[in-house]
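Below is one structure; the comments refer to it alone.
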Amino acid sequence: MQALRLRTVFLLIFTFILSASNYAIAASGSSNRILDFAKKVEVIKFFPEADRYGALREHIAVLPAMAGDEVLGWVFLTTDLVSTTGYSGKPIDTLVGINPEGVLTSVQLVKHAEPIVLIGIPDSEIKKITENYAGLDIRKEAEQGGSAHDLDIISGATVTIMVIDDSVVRASLKVARTLGIGGLKGARADTGPKFVIDPDRTEVSDWMTMTGDGSIRRLTLDVGQINAAFVEQGNPKAIKRPEKGPETDSYVDMFMALADVPTAGRTILGNAEYANLKKRLKEGEHAIVVLGRGRYSFKGTGYVRGGIFDRIQLIQDDISVRFRDRQHKRLGVVAADDAPTFKELDMFTIPADSGFDPSKPFRLQLLVHRTIGAIEKTFLTFDLGYQLPQQYLKKIEVAPGAVVDAGNGEAAVTAPAEDGRLELWQRIWNDRQVDIAILGIALAILSGVFFFQMQVAKSEKFTFWFRIGFLTFVLVWLGWMENAQLSVVNVLALFSALTTEFSWTAFLMDPLVFLLWFAVAAALIFWGRGAYCGWLCPFGALQELTNRIAKFFKVPQVSLPWGLHERLWAVKYMIFLALFGLSLYSLAVAEHYAEVEPFKTAIILKFRRGWPFVLFAVALLAAGLFIERFYCRYLCPLGAALAIPARLRMFDWLKRYKECGNPCARCEKDCMVGAIHPEGNINPNECLNCLHCQVLYQSDDKCPVCIKKLARRKKFEAQTGISKTEKGTSVKQPA
């Protein structure tokens, strides 16, 4: 029986790991994914005269569009070929058709999880944008580095549109070069000399010299030039709203340099900061310094909300790099004495897997917007070109694929092959090493607290403030900053995936969510649902912290009659079962009704959502001001889903006295979620492991049992003069 129980528990661990993401329902390989989407989108969407899709190409995931025996063109899925990670951190799947002349025939957005799109912007608007790529000439894009077309952006979905644009163009170029479409040829491996950053050129220069020799490049636009550019664009709404002020006023004044070039780095950053940069840069990584002044910010504020700098991107040939907040470092000053004063001083790391070559020309593209309505904007792009001067490079003769110094003190492979790049999930995990380490430390600390909970709970003050601090960390960092909020949708995805092949790649896309599910699965063995619901759920933390504030301001707390309270527990199980039943019919329908969870509104989107969703979330939080953890107690379907397997936990850590519940009811009255029955036993389905009952268990001031024991001990000592130690030995007290 015990062996059966252990097998069941380990099966549950595996099960919960597999349910770690909504994207666990993807197929196991990229080729299967395009085949799955091709079943849903007919070939005539891309080529009206085609009658079927042909066989999948072996060396690249492309389906030919056939009319009889004739190949009319090719259809591919962008996610199979390039990184398409959007604002949500999830892939954006787009099907693209391309004809033999290199012109796109149709682009269809087939799947995404963009929160900004899913809430206030109609999905039809985004699909319309993607469909407008029909007619794009990939040959021109190859000639102009992927910028031969105007970017059509919807305000509020800037990052999403940019990711779609980037993935469509780069994937199309890859297909065209691989298949020789439109006369384009694949990139050949470098067989001649290879230029790398010269590590021996380490002298410190000055600002004037470096701007003169091109080590520092500049983009400057005044108000008059910006107004003229929007006039040339031809948008009448933009023309009617010109930038105010003298035309000679500076609008954009932006400088850029390669920071890992020794001379540039030491001159701009200073010796100490440059040394720190060299320590931070990993193999194959590079860094740029961007400095700005003028009216317009090259950073904007979008990165604060979504972690992506949506106003700038680095472009080299047909590769592009968009920077996230974890690749960014704010600088204090420019070390060069003769440098001008800047409002913005920032450094960005270029990932090693981007394929960036510092010896080749590249450009930093700046997106400039103009508001033309209450929520409507129009956009222009400007390029700051850069070519590292030859004197900072050295030539190395290498064979194809040889390992050379990349100029940052580390080894790098010249001209890495496309199929030699890290998988997208691997790049995400590499980029988020700091976040993973922080979460790992937090989980280790929490595990230590649980394993030694009696020792921790000896101090009521320490337990209280540790809990407040940990919940604040969970809410602010894990929830609002990292968006690592688990959902009942993850659980529902498991059951749908039972009839579908799993893709480990898909649900490894979010490392923090994956690690949290692993921790939840392990915690179910030891402590039940409370480890997550009581300590690691950001929305639960928000409820408890707001209730603490309410108590501080003397907001009256409502205690429901036990009979009603006990029956209301069943509501969350009914909600979960209803969602589970819907998921058997359609996971998409179940996901829609899973909005009964306010997590997306309150945590992921931080209340920036339609008013009905915000009103619902606020109402739940308001109820929680009077009934602590109201949502957790009665409505949370995720809590219900976790409570079911939690019944199989192997240990019972919470200690009780035989007097608990008869006659003492102190713990029952003080339990924040009412998980203790009147007869004294703790309901593991409802317990959140807050440890408050363990504090009371050892309190000589509040627990009647402890008070009686203390009184007897003091009476014994007073009568005999002997003090009993914890080991049971006796010590004669001095007279």
Main chain of S359, side chain of Q387: is a donor-acceptor contact present, judged purely on distance under 3.5 Å? yes
Contact summary for V596 and P637, nearest pair of heavy atoms: CG1-CG, 4.1 Å
Less than 4.5 Å apart, any side-chain heavy atom of I92 and any of T79? no
Just so I know, are the side chains of I288 and M347 near enough to count as touching, which here means a heavy-atom distance under 4.5 Å? no
Hey, are the side chains of F76 and S172 touching, using non-hydrogen atoms and a 4.5 Å cut-off? yes
I'd like to know if the side chain of R52 reaches the main chain of G68, judged simply by a donor and an acceptor atom lying under 3.5 Å from each other, with no hydrogens or angles considered. yes
Please test Q233 against T378 for side-chain hydrogen bond (donor to acceptor under 3.5 Å, both in side chains), starting from the C-alpha separation and ending with a verdict. CA-CA 10 Å; Q233 183 194 48; T378 187; 3.2 Å; yes
Would a 4.5 Å heavy-atom cut-off, applied to side chains only, mark L478 and L516 as touching? yes
If we only count heavy atoms from C-beta on, is the L95 to V107 side-chain gap below 4.5 Å? no
Run the numbers on N99 and T105 for side-chain hydrogen bond (donor to acceptor under 3.5 Å, both in side chains), then give the verdict. CA-CA 7 Å; N99 66 22; T105 58; over 6 Å; no
Which pair of non-hydrogen atoms, one from P351 and one from V321, has the smallest distance, and what is that distance? CD-CG1, 3.8 Å
Sequence neighbours left out, what passes side-chain contact (heavy atoms from CB on, under 4.5 Å) with I181? Give chain and number order. W74, I98, V175, A176, L179
Should V488 and F580 count as side-chain neighbours, where that means a heavy-atom distance under 4.5 Å? no
Does any N or O in the side chain of Q316 come within less than 3.5 Å of the main-chain N or O of K360, such that one atom is a donor and the other an acceptor? yes
Tell me if a side-chain donor or acceptor on R139 pairs with a main-chain N or O of E101 at a distance below 3.5 Å. yes
Counting heavy atoms not belonging to E49, are there more than 12 under 6.0 Å from its CD? no
Just do the side-chain contact (heavy atoms from CB on, under 4.5 Å) check on T78 and V96 with the steps written out, would you? CA-CA 7 Å; T78 54; V96 181; 3.8 Å; yes
For F309 together with F348, are the ring centres under 6.0 Å from each other? yes
Give the table of side-chain donor-acceptor pairs shorter than 3.5 Å for residues 37-46, with sequence neighbours excluded, one pair per line with atom names and distance.
none

For F362, check ring pair (Phe, Tyr, Trp, His ring centres under 6.0 Å) against everything at least two apart and list the hits. F356, Y386
Does the pair K194/D357 count as a salt bridge with the N-to-O cut at 4.0 Å? yes
Any donor-acceptor pair under 3.5 Å from K606 side chain to W480 backbone: yes
Any side-chain heavy-atom pair of L536 and V520 under 4.5 Å: no
Presence of salt bridge, K299 and D346, under 4.0 angstrom: yes
Please check this pair: side chain of E70 against backbone of A67, looking for a donor-acceptor N/O pair closer than 3.5 Å. no
Closest non-hydrogen atoms of W517 and S487, given as atom of the first, atom of the second and distance, are CZ2-O, 3.9 Å
Does a side-chain heavy-atom distance below 4.5 Å link M66 with V71? yes
Electrostatic pair R322:D310 at N-O distance under 4.0 angstrom: no
Heavy-atom pair of closest approach, residues A484 and V513: CA-CG2, 4.3 Å
Write down the atom of L512, the atom of D435, and the distance for their closest heavy-atom approach. CD2-O, 3.8 Å
Between atom NE2 of H286 and atom CG of L314, what is the distance when rounded to the nearest 0.5 Å? 11.0 Å
Determine the minimum heavy-atom distance between K282 and E285, stating which atoms define it. N-OE1, 2.8 Å
Does R432 pair with E482 as a salt bridge, N-O distance under 4.0 Å? yes
